[in-house]
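To keep things clear, I will list the structure first and then write my remarks on it.
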2 protein chains.
Amino acid sequence: MRADARKIHSHLFAVAREVVAEQGAAASLREIARRADVGLGTLYRHFPTREALFEALLRSALDDLTRKAGELESTDAPGEALVAWFRDGIAFVRSYRGVVELMAGAIDDPQSALHASCTTVRSAGANLLHRAQATGVARADIDGADLFALMASLGWLGDQAAFAPRAGHLADVIASALLTDRHLRSRKHA
Amino acid sequence: MRADARKIHSHLFAVAREVVAEQGAAASLREIARRADVGLGTLYRHFPTREALFEALLRSALDDLTRKAGELESTDAPGEALVAWFRDGIAFVRSYRGVVELMAGAIDDPQSALHASCTTVRSAGANLLHRAQATGVARADIDGADLFALMASLGWLGDQAAFAPRAGHLADVIASALLTDRHLRSRKHA
DNA sequence: ACCTGAACACCGTTCAAGT
DNA sequence: ACCTGAACACCGTTCAAGT
């Protein structure tokens, strides 16, 4: 990439982060180009799709989330690790208002620039889930895709003004539903 | 209303139902007017907002849902009634793809034409929830707003192609989380 | 009393023309 | 090699003009 292009790229990235933080994932691409003082075609050249832009915006938070799953696996008990990561996952999908819609559309679409990111998150969660299921503390009738869907639905709740105040509490309710009685009893006795 | 206007009104209603069934709640209003062979301003005259149109489209299904809550209260045990109505509620919010977003926006906005419809649904559910809580079969730490939010989130899952296949199963998982151990034990012994 | 559709202010996406 | 912005095909919403 030419030096001037690299400069525009990072400028666009910074402006996009700002606009998306303000207006959410449905922000107008025209508005981003406008604020960056760049032709609309230039934005498309650097980020050919909305998904490509978000892939860039989310990359570092995504890497953090994947790393976190590994850490929790070595530091926490299976049930606690699963629930803690579930919360981190919800926080991640709430990085930007509306991003969860983009992720829901990408998880089953190999063409999407966000596809790999989404499947990585799903796998990281599936690992923690399987570990918790193997020790009998997580219910056996859900899989990694279910865990991802539940995370997404809680992210969506947080995006809706009317539901956001209760989203945290509902995350607790659902997190507890991931665990088995055996786990819940053992925590009471601890 | 003049006779010709009444005729156009019911024609618009029928065409809107058709287009929305095909394209979801985000369908273009222009497209509806076009297919109805009516000026765009005429659509706006009959249904001044998207919410007003959906209020009309959903009215009868909404009435059914409210009546159903009363019926279940007199025919079913508190826990079973709650869970059965929870499923009906999810089916209702799934009447049309994307309608759940409209409802989420309306529940806390008294200006919305859908506001009354949404609060009616929420109340009907709250009654069944309170009854189940009074007999100790539903967990005490959720309220009618939580129940409504959970229904909405499951409706949203059903709207996402990637999540829809598991939405039914996830509804089971969450429905069971609404109930207490006491209820679940009593069912096992039955 | 009711209907019409042009007008306005926006979108996303593409691509010939410029530097 | 890269950037530009007009062009195209859409939106939602309003409102003067018509019947």
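Naming convention: chains lettered A, B, ... in sequence-line order (proteins, then strands); numbering from 1 in each chain.
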Gap between atoms [atom1] and [atom2], on [X] and [N] respectively (whole Å):
{"X": "A/Ile32", "N": "C/dG12", "atom1": "CD1", "atom2": "C1'", "result": "12 Å"}
{"X": "B/Leu43", "N": "D/dC11", "atom1": "CG", "atom2": "P", "result": "13 Å"}
{"X": "B/Lys7", "N": "C/dC2", "atom1": "NZ", "atom2": "C1'", "result": "15 Å"}
{"X": "B/Arg50", "N": "D/dC11", "atom1": "CZ", "atom2": "P", "result": "11 Å"}
{"X": "A/Glu51", "N": "C/dT13", "atom1": "CD", "atom2": "P", "result": "9 Å"}
{"X": "B/Ile8", "N": "D/dT19", "atom1": "CD1", "atom2": "P", "result": "16 Å"}

#### Entry: Side-chain ion pair, B/Arg35 and B/Glu22, N-O less than 4.0 Å
yes

### Message
Taking the basic N atoms (NZ, or NE/NH1/NH2) and the acidic carboxylate oxygens, is any pair closer than 4.0 Å for A/Asp63 and A/Arg59?
### Response
yes

### Task
Find the partner of C/dT19: check Watson-Crick (N1-N3 plus N6-O4 or O6-N4) and G-U wobble (N1-O2, O6-N3) distances, both under 3.5 Å, and reply none if neither fits.
D/dA1

## Note on the structure
In Watson-Crick or G-U wobble terms, with both distances under 3.5 Å, the base opposite D/dC8 is C/dG12

### Task
Would you please confirm or rule out a distance under 4.0 Å between OP1 or OP2 of C/dC2 and any side-chain N or O of B/His9?
no

### Message
For C/dC3 and B/His46 - does any side-chain N or O of the residue sit under 4.0 Å from the phosphate oxygens OP1/OP2?
### Response
yes

### Task
Classify the nucleic acid contact of B/Leu29 as base, sugar-phosphate or nothing, counting any heavy atom under 4.0 Å across all strands shown.
sugar-phosphate

### Message
For a quick check of understanding: with a heavy-atom distance under 4.0 Å over all strands, which category does A/Thr42 fall into, base, sugar-phosphate or nothing?
### Response
base

### Message
Can you confirm if the aromatic rings of A/His9 and A/Phe47 lie within a centre distance of less than 6.0 Å?
### Response
yes

Side chain of [X] only, heavy atoms from C-beta on: which candidate in [options] is closest?
{"X": "B/Arg34", "options": "D/dG12, D/dC11, C/dG12", "answer": "D/dC11"}
{"X": "B/Tyr44", "options": "C/dC3, D/dG12, D/dC2", "answer": "D/dG12"}
{"X": "A/Ser28", "options": "C/dC11, D/dG12, D/dC3", "answer": "C/dC11"}
{"X": "B/Arg45", "options": "C/dC2, D/dT4, C/dT4", "answer": "C/dC2"}
{"X": "B/Leu40", "options": "C/dT4, D/dT13, C/dC3", "answer": "D/dT13"}

### Query
For the side chain of A/Asp146 and the backbone of A/Asp143, is there at least one donor-acceptor N/O pair under 3.5 Å apart?
yes

#### Entry: Closest approach of B/Ile142 to B/Leu129 (non-hydrogen atoms, all atoms of both residues)
O-CD2, 3.8 Å

### Summary
Walking DNA chain D from its 5' end, the first of A/Arg30 and A/Gly39 to be reached, judged by nearest nucleotide, is A/Gly39

### Message
Assuming nearest nucleotide by heavy-atom distance, tell me which of A/Asp37 and B/Ala27 is located more 5' along DNA chain D.
### Response
A/Asp37

